[in-house]
2 protein chains.
Amino acid sequence: MPVQLNECPVEVVISSLSGRWKIPIYRYLYKNDQPVRYSALQRHLPSISKKVLTEQLRELERDSIIERKSYPEPRPRVEYALTSAGRSMIEFLDQISEWGVKHILSKQETQQS
Amino acid sequence: MPVQLNECPVEVVISSLSGRWKIPIYRYLYKNDQPVRYSALQRHLPSISKKVLTEQLRELERDSIIERKSYPEPRPRVEYALTSAGRSMIEFLDQISEWGVKHILSKQETQQS
DNA sequence: CTGTATCCTACAAGATACTG
DNA sequence: CAGTATCTTGTAGGATACAG
């Protein structure tokens, strides 16, 4: 039986987390635990350009991991936050982290910086 | 505090699973539960080229997810299998799958094929 | 402040041919 | 059988300038 192109939920989820800045964005939103402004993300990720930041945010939004709220006030303001689905990813992310610490960091003991 | 470039184990693990064919390869090795020949992988993933297959295998090997054993017999033979670290990924992969089924597939109910 | 619009580069992935 | 070696292409990501 040949491979089924993207019927596999694991592939879909992995690829939705695969952008260069997606995990850092996720971590920041998760840690803050409240809506965060575009400019705050920009400040927190100093080496990201606006184009790329917007792209990564749009993709996370398309994948229902974050949500975007716009307040077109005198001073325009946009806030991003994890959806409840996004927040619930923490369970497997924690397990991934644990796996990584166990199997990656332990291999680097013998390396010099 | 700015982002730490790849001190984050989650980023490392996600990116080690991010290749186009890595999850399909993983799934095949996991399902078979025994060493699998290069040619068997090729047959199972009909649309992959040898160059790409070899690349993906080398990366999975570098990341200690699979191991390669070569038997330079009359008819050369190479077998790939999950390492025990690789096999232990199944725990979070299962959780990812569960998350995906719950949050992705359920959104597609309203789509037509 | 929160974005687009362009342009550019690097690299992942594919097609195809050749090899020990 | 299990790969390299080349060449090509698509796309992610970055630099920079402009805009509502």
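Letters A, B, ... mirror the listed sequences (proteins, then strands); counts begin at 1.
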Step through the shown structure and confirm whether more than 12 heavy atoms of other residues, nucleotides or ligands are within 6.0 Å of CZ on A/Arg75. no
Under the side chain to side chain contact (heavy atoms under 4.5 Å, CB included) criterion, do A/Leu60 and A/Tyr26 qualify, and how do the steps go? CA-CA 9 Å; A/Leu60 288 167; A/Tyr26 182 97; over 6 Å; no
side-chain N/O A/Trp21 vs D/dG14 OP1/OP2, d < 4.0 Å: yes
Check whether more than 12 heavy atoms from other residues, nucleotides or ligands sit under 6.0 Å from atom NZ of B/Lys69, and answer yes or no. no
Just report the end-to-end axis angle for the helix from C/dC1-D/dG20 to C/dG20-D/dC1, five pairs per end, to 10 degrees. 50°
Counting any heavy atom closer than 4.0 Å, what does A/Tyr80 reach on the DNA or RNA strands: base, sugar-phosphate only, or nothing? sugar-phosphate
I want to confirm an ordering. Mapping B/Ala40 and A/Ile48 to their closest nucleotides on DNA chain D, which one lands closer to the 5' end? B/Ala40
4.5 Å side-chain heavy-atom contact, A/Phe92 and B/Ser97: no
Please classify the nucleic acid contact of A/Gln56 as base, sugar-phosphate, or nothing, using heavy-atom distances under 4.0 Å. sugar-phosphate
Of all the nucleotides listed (D/dG13, C/dC1, C/dG3), which has the minimum atom distance to the side chain of A/Pro76? C/dC1
For A/Glu98 and A/Lys102, run salt bridge (Lys or Arg N to Asp or Glu O under 4.0 Å): C-alpha distance rounded to whole Å, both residues' side-chain angles, the deciding distance at 0.1 Å, then the answer. CA-CA 6 Å; A/Glu98 204 180 315; A/Lys102 189 165 169 188; over 6 Å; no
A/Arg37 has an atom CZ; how far is it from atom C1' of C/dC1, in whole Å? 7 Å
Atom NZ of B/Lys69 and atom C1' of D/dG3 are separated, to the nearest Å, by 20 Å
Is the phosphate of C/dT2, meaning OP1 or OP2, less than 4.0 Å from a side-chain N or O of A/Arg75? no
Starting from C1' on D/dG13, measure out to CG on A/Leu53 and report it in whole angstrom. 13 Å
Flag the pair B/Met89 / B/Ile65 as yes when at least one side-chain heavy-atom distance between them is below 4.5 Å, and no otherwise. yes
Check whether more than 12 heavy atoms from other residues, nucleotides or ligands sit under 6.0 Å from atom CD of B/Gln42, and answer yes or no. yes
On the nucleotide D/dG3, are OP1 or OP2 found under 4.0 Å from the side-chain N or O atoms that B/Arg68 carries? yes
Take A/Lys50 and B/Ser49, find for each the nucleotide of DNA chain C with the closest heavy atom, and name the residue whose nucleotide sits nearer the 5' end. A/Lys50
Taking only the side-chain nitrogens and oxygens of A/Arg58, find out if one of them lies under 4.0 Å from OP1 or OP2 of D/dA12. no
Rounded to whole angstrom units, what separation is found between the CD atom of A/Glu61 and the P atom of C/dT2? 15 Å
Could you state the atom-to-atom distance from OH of B/Tyr38 to P of C/dT19 in whole Å? 17 Å
Answer yes or no: are there more than 12 heavy-atom neighbours, outside A/Tyr28 itself, under 6.0 Å from its atom OH? yes
When rounded to whole Å, the CG to P distance for the pair B/Leu57 and D/dC1 reads 16 Å
Just to be sure I understand the rule, does A/Val52 reach a base, reach only the sugar-phosphate, or reach nothing, if contact means heavy atoms closer than 4.0 Å? base
Is there a donor on the side chain of A/Lys51 or the base of C/dG3 sitting less than 3.5 Å from an acceptor on the other? no
Given atom CZ of A/Arg20 and atom P of C/dA10, what is their separation to the nearest angstrom? 17 Å
From OH of B/Tyr71 across to P of D/dA2 the rounded distance in Å is 12 Å
So, does B/Thr54 get its side chain near the phosphate of D/dG3, meaning an N or O under 4.0 Å from OP1 or OP2? no
